[in-house]
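One structure is given here, and the rest of the page talks about it.
Chain A is the first sequence line, chain B the second, and so forth, proteins listed ahead of strands; every chain is numbered from 1.
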Number of protein chains: 2
Amino acid sequence: MVQQAGTSKAKIIQAADQLFYVHGYNQTSFSDIAAETGIPRGNFYYYFKTKDEILTAVLEHRADQIGSLLQACEEYSDDPKQQLLYLIEILVREEENIIQYGCPLGSLSTELSKVSLTLQQQVALIFETIRLWIDKKLCACGLADRSDMLSMEILSRLQGTTVLANVYHDAAFLRRSAAQHKLWLTEVLSNH
Amino acid sequence: MVQQAGTSKAKIIQAADQLFYVHGYNQTSFSDIAAETGIPRGNFYYYFKTKDEILTAVLEHRADQIGSLLQACEEYSDDPKQQLLYLIEILVREEENIIQYGCPLGSLSTELSKVSLTLQQQVALIFETIRLWIDKKLCACGLADRSDMLSMEILSRLQGTTVLANVYHDAAFLRRSAAQHKLWLTEVLSNH
DNA sequence: GTCTATAGCTCGATAGAC
DNA sequence: GTCTATCGAGCTATAGAC
C-alpha cells in the first residue's frame with residue numbers, strides 16, 4: 001500500500017519512521033509523532049487502530065525504500081558484481097546515521113525480538129527480500145552453488161560492521177571495514 | 001564493587017540483569033524486578049537512587065561476568081590460539097539465548113544508543129575490555145602488527161553472526177557461521 | 001533495613017463535538 | 001476528516017511508618 005505524499009496518513013508514517021529509527025519503537029510516543037507532524041494525538045486513531053498498526057505501516061514504507069535502494073543498485077551498473085559492491089557502499093553513504101543509530105532494520109529487529117516476535121518476523125521478511133536479491137546477483141556471477149551461504153555471510157558482515165561502528169561511534173572503522181568487505185567480495189567473485 | 005551473593009542488592013542486580021537482557025532496559029519496570037525478586041518496589045530506592053543506577057550496577061555485574069568468561073578461556077588452554085577459538089565457541093554454548101535475545105552487550109548497546117549516550121558508552125567500555133584481551137592474544141600469536149585491525153574484525157564477525165542468527169532465529173546458521181569463523185581465524189594464525 | 005501508600009506524570013486508547 | 005477532552009493503567013520516584 002503506497003501512500004499519497006502529503007496526506008496526514010503519509011505524514012504520520014514518515015515521522016514515525018524517523019522517530020522509531022532515532023529513538024526506538026517503544027521510546028517513541030504518540031505525543032512525539034504529534035509534535036513532529038503537528039497532527040493531534042487523537043487523530044491517529046482515525047488512520048490506525050493501534051500503535052502496532054503504525055509500525056506495520058512503517059515497515060511497509062521501509063520495504064518500499066529497500067526496494068528503491070536495490071533498484072538504485074541495478075541502475076548503477078549492468079554488472080551484478082558492481083551492483084553488489086554498490087550495495088556494500090551503502091554503509092559509507094549512510095555513515096552518520098549508522099554511527100549514531102545503527103542499522104534501521106537490524107536495530108529494529110533486535111528491539112522487537114525482546115518485545116514482540118510477531119512484529120520482529122515482519123522485519124525478518126524485509127531482511128529476506130534483501131538476501132534473495134543478493135542471492136540472485138551471486139547466481140548471476142556464477143556462484144549458484146554457494147549463493148545461500150554467501151548471501152548470509154554478506155548480510156552478516158554488514159550487520160557486524162554496523163553494530164561495531166555504532167558501539168564505538170567510529171567512522172574510520174566503518175570505512176575500513178566496508179573497504180575490506182569489498183576487497184573480500186571482489187576476490188570471491190573473481191574466482192568465477 | 002562485588003556484591004555479597006544473596007543480599008537484596010545482589011538479588012535486584014541479578015534479576016535486573018536477566019530482565020534487561022530478555023525484555024530490554026526500557027521495557028523492564030520496577031514492578032517486573034519486584035515480581036521476580038519478591039522485593040517491594042519501594043525498597044529499590046534504598047539501594048539505588050534511579051533506574052539508571054540499577055543499569056550501571058548491572059553493567060558492573062556484566063563486566064565481572066565477562067572477566068570470568070575470559071578467565072575461563074585462559075584456564076581452558078595455555079595456548080593463546082586455543083583461547084581465542086574457545087572464545088568464539090561461546091556463540092554455540094549460548095546458542096539458545098542468542099537466537100532469542102541476541103548478544104547481551106550488543107543488543108544493549110544498540111538500545112542505549114537510541115536512549116542515552118552516557119549509558120551506551122559504559123557498554124562500549126566493556127566491549128573495549130574484550131577487544132583488548134583479544135588484541136593481547138593476537139600479539140602473543142605473533143600478529144602484533146595487525147592486532148588492532150584483527151581484534152575489531154573478530155568482534156565484528158561475532159556481532160554479525162549474532163544479529164543474523166537472532167533475525168532469522170536460525171541455530172544452524174549460527175553453528176555454521178561460528179565454525180567458519182574458527183576456520184578463518186585458524187588460517188590467519190597459522191601464517192605466523 | 002524493610003515495607004506500604006501514594007504522589008505526579010505519561011502512556012496508549014476512547015468518546016464525542018464539529 | 002479533524003479536533004479536544006479525558007479515561008484507566010502503568011510508570012518512576014518519594015514520604016514516612018515500623
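Between A/N26 atom CG and D/dT12 atom C1' the separation is 16 Å, expressed in whole Å. Rounding to whole angstrom units, NZ of residue B/K51 and P of D/dA13 are separated by 8 Å. Atom CZ in B/F48 sits roughly 13 Å away from atom P in D/dA13 (whole-Å rounding). The separation between A/I54 atom CD1 and C/dC11 atom P is 13 Å, rounded to whole Å. Look at CD1 on B/I33: it is 11 Å from P on D/dC11, rounded to the nearest Å. Rounded to an integer number of Å, the gap from A/F44 CZ to C/dA13 C1' is 13 Å. Atom CD in B/Q27 sits roughly 14 Å away from atom P in C/dC11 (whole-Å rounding). With rounding to whole Å, A/F30 atom CZ is found 20 Å from D/dA5 atom P.
Side-chain N/O atoms of A/T50 include none lying less than 4.0 angstrom from OP1 or OP2 on C/dA13. The side chain of B/S29 contributes an N or O atom lying less than 4.0 Å from OP1 or OP2 of D/dC11.
When every heavy atom of B/Q65 is checked against every heavy atom of B/D17, the shortest pair comes out as OE1-OD2, 3.5 Å. Contact between A/E111 and A/N26 at its shortest, heavy atoms only, is OE2-N, 2.9 Å.
With contacts defined as side-chain heavy-atom distances shorter than 4.5 Å, the pair B/K114/A/Q27 does not qualify.
In this structure a side-chain-to-backbone donor-acceptor pair under 3.5 Å is missing from A/R176 to B/M149.
Comparing D/dT12, D/dC11, C/dG12 by their nearest atom to the side chain of B/Y45 picks out D/dT12.
Note: B/Y45 and B/F30 have parallel aromatic rings, judged against thresholds of 30 and 60 degrees for the angle between ring planes.
At a threshold of 4.0 angstrom between heavy atoms, the contacts of A/T28 are confined to the sugar-phosphate backbone, with no base atom among them.
Side-chain contact, A/Q122 with A/E60: no donor N or O sits under 3.5 Å from an acceptor N or O.
Among the candidates B/P104, B/S113, B/S109, the single residue satisfying the side-chain contact (heavy atoms from CB on, under 4.5 Å) test with B/V123 is B/S109.
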Would you tabulate the pairs of protein nitrogen or oxygen atoms and nucleotide nitrogen or oxygen atoms of nucleotides 2-4 of chain D closer than 3.5 angstrom?
residue: D/dT2; atom: OP2; partner: A/Y47; partner atom: OH; Å: 2.1
residue: D/dC3; atom: OP2; partner: A/N43; partner atom: ND2; Å: 3.4

